[in-house]
Amino acid sequence: MKDWAVWSRVSVPAGPSLDLLHAKVVRDFARHSHGEYAIGTCTGGLEAISYRGGVHYSGPGSVVVLEPGEAHTGGPAEVDCFTYRVMYPATSLVGEAHFAQPVVYDPDLARRLADAHRMLGAGGDGLEGESQLVAVFGDLVARHASGPRAAVRARRGLAAAVMARLADGLLEPPTLAELAAEHGLSRYQLLRAFTDEVGMPPYAWLAQHRVARARTLLERGGRPAEVATEVGFADQAHLTRWFRRVLMVTPAAYRNSVQDVRRRSASS
């Protein structure tokens, strides 16, 4: 059984662009986080999501809400695969809402979320799509948010220093031993402290950071092989493996989808 994924970017009137993912998943994602909310609904099968120290299950009729910056992973749960539709809205589209439960059972909202996703992805009427989106997000917050979400704070302390060091050494990152020595810790102590704070070990954070940098370069028209070298991956194949693990699509497919949006916008 093979997986597939369709990634698209749509314009939202008077707001930031919105990324959409429609996918059939047969394997686990790598542990990662997003700079935006991830809001989706499972349309077939059953998904298991590792998030905030627990495992949460999402099937048809449920809505998943993962908050910005929170590490997670997911994969099929006791079945061969699952299918889902996911949106990645900025906080400006959702508000600073906090969701204590990442999975809620709300068939009405799940259906409307899938409908809005389908309409936006198909390039339907802009005003209607925007109206559906606002209504869905508004009802999601009204029904299921547990209160205001504290403004995302800047990373402090050890984790912040390590992330800055890794970002600065994108092409030639320091070793775990070097990072530990800089902070007067053993390698185990540094690894444990960083993982507890960030939700993933330093090497995984660095790979994800490279993917994020690669997305920016691809959006500007960069070629995958060149981008791989610029962000520190060994080669295009290495970039592609991590890109698919995090975003489910290849760098070339992602680049083409974003460029298609720009061409349509320029011709309209």
Side-chain angles (χ1 to χ4, degrees), residues 1-9 19-88 102-103 105 110 113-114 117-118 121 195 198-215 218 224-225 227-228 231-258:
M1 185 178 294
K2 294 184 178 180
D3 57 13
W4 52 261
V6 178
W7 188 285
S8 57
R9 173 167 293 178
D19 285 340
L20 309 174
L21 175 64
H22 183 202
K24 173 183 176 181
V25 182
V26 300
R27 53 189 169 78
D28 290 350
F29 284 104
R31 193 164 185 79
H32 64 287
S33 62
H34 302 282
E36 314 83 10
Y37 283 91
I39 300 176
T41 181
C42 183
T43 55
L46 185 68
E47 180 186 11
I49 305 166
S50 175
Y51 181 73
R52 291 178 179 165
V55 178
H56 309 268
Y57 296 92
S58 169
S62 63
V63 176
V64 175
V65 186
L66 307 180
E67 294 186 24
E70 299 209 25
H72 60 278
T73 187
E78 299 179 352
V79 292
D80 293 333
C81 68
F82 68 92
T83 55
Y84 69 160
R85 291 178 178 270
V86 189
M87 302 178 179
Y88 300 93
V103 180
Y105 185 70
L113 178 64
H117 189 291
R118 192 177 296 108
T195 303
V198 180
M200 65 186 80
Y203 79 87
W205 182 89
L206 177 60
Q208 180 180 279
H209 183 69
R210 284 171 168 161
V211 169
R213 289 286 301 126
R215 287 179 64 180
L218 291 166
V227 167
V231 300
F233 284 112
D235 51 30
Q236 183 175 344
H238 192 196
L239 167 65
T240 298
R241 284 196 299 273
W242 271 100
F243 220 87
R244 283 180 56 81
R245 288 179 70 183
V246 173
L247 298 175
M248 279 289 293
V249 295
T250 65
Y254 178 81
R255 176 180 180 269
N256 291 340
S257 69
V258 174

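- Ring geometry, F82 versus Y84: the interplanar angle exceeds 60°, so the pair is classed perpendicular (tilted spans 30 to 60°).
- Side-chain atoms of V25 and D3, non-hydrogen and from C-beta on, never get closer than 4.5 Å to each other.
- Side-chain contact between F233 and V211 is present, with heavy atoms from C-beta onward closer than 4.5 Å.
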Working for side-chain contact (heavy atoms from CB on, under 4.5 Å), residues F243 and L218: CA-CA 12 Å; F243 220 87; L218 291 166; 3.7 Å; yes
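- Considering all non-hydrogen atoms of both residues, W4 and M248 come closest at O-CE, 3.8 Å.
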side-chain contact (heavy atoms from CB on, under 4.5 Å) assessment of H34 paired with V86: CA-CA 12 Å; H34 302 282; V86 189; over 6 Å; no
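- Nearest heavy-atom pair across L66 and P102 is CD2-CB, 4.0 Å.
- Judged by distance alone, with hydrogens and angles left aside, the side-chain atoms of H32 form no donor-acceptor pair with the main-chain N or O of A204 at under 3.5 Å.
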side-chain contact (heavy atoms from CB on, under 4.5 Å) evaluation trace for L113 with R85: CA-CA 8 Å; L113 178 64; R85 291 178 178 270; over 6 Å; no
Verdict with reasoning, D19 to R9, per salt bridge (charged side-chain N to carboxylate O under 4.0 Å, His left out): CA-CA 4 Å; D19 285 340; R9 173 167 293 178; 2.7 Å; yes
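- Of the candidates Q208, E67, E70, Q208 is the only one forming a side-chain hydrogen bond (donor to acceptor under 3.5 Å, both in side chains) with S33.
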Criterion side chain to side chain donor-acceptor pair (under 3.5 Å) on T83 and T43, from CA distance to verdict: CA-CA 5 Å; T83 55; T43 55; 2.9 Å; yes
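- To the nearest 0.5 Å, the span separating CG on L247 from CH2 on W242 amounts to 11.5 Å.
- In this structure, C42 and G44 approach most closely via the heavy-atom pair SG-O, 3.3 Å.
- Atoms NE2 and OG, from H22 and S8 in turn, are 10.5 Å apart once rounded to the nearest 0.5 Å.
- Residues forming a side-chain contact (heavy atoms from CB on, under 4.5 Å) with A252 (at least two apart in sequence, or on another chain): P224, T250.
- A perpendicular orientation is assigned to the rings of Y51 and H72, their planes being inclined by more than 60° (bins at 30° and 60°).
- Take V103 and apply the side-chain contact (heavy atoms from CB on, under 4.5 Å) test, not counting sequence neighbours, and it matches I49, H56, S58, S62, V64.
- Scanning all heavy atoms of the two residues, the minimum distance from S50 to R31 falls at OG-NH1, 3.5 Å.
- Listed here is the closest heavy atom pair of Y105 and G61: CD1-O, 3.5 Å.
- Annotation: the span from M87 atom CE to T41 atom OG1 amounts to 10.0 Å, rounded to 0.5 Å.
- In this structure, CZ in R213 is found 12.5 Å from CG in L206, a value given to the nearest 0.5 Å.
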V227 vs R255, side-chain contact (heavy atoms from CB on, under 4.5 Å): CA-CA, chis, key distance, verdict: CA-CA 11 Å; V227 167; R255 176 180 180 269; over 6 Å; no
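- Nearest heavy-atom pair, V231 versus A214, reported as atom, atom and distance to 0.1 Å: CG1-N, 3.8 Å.
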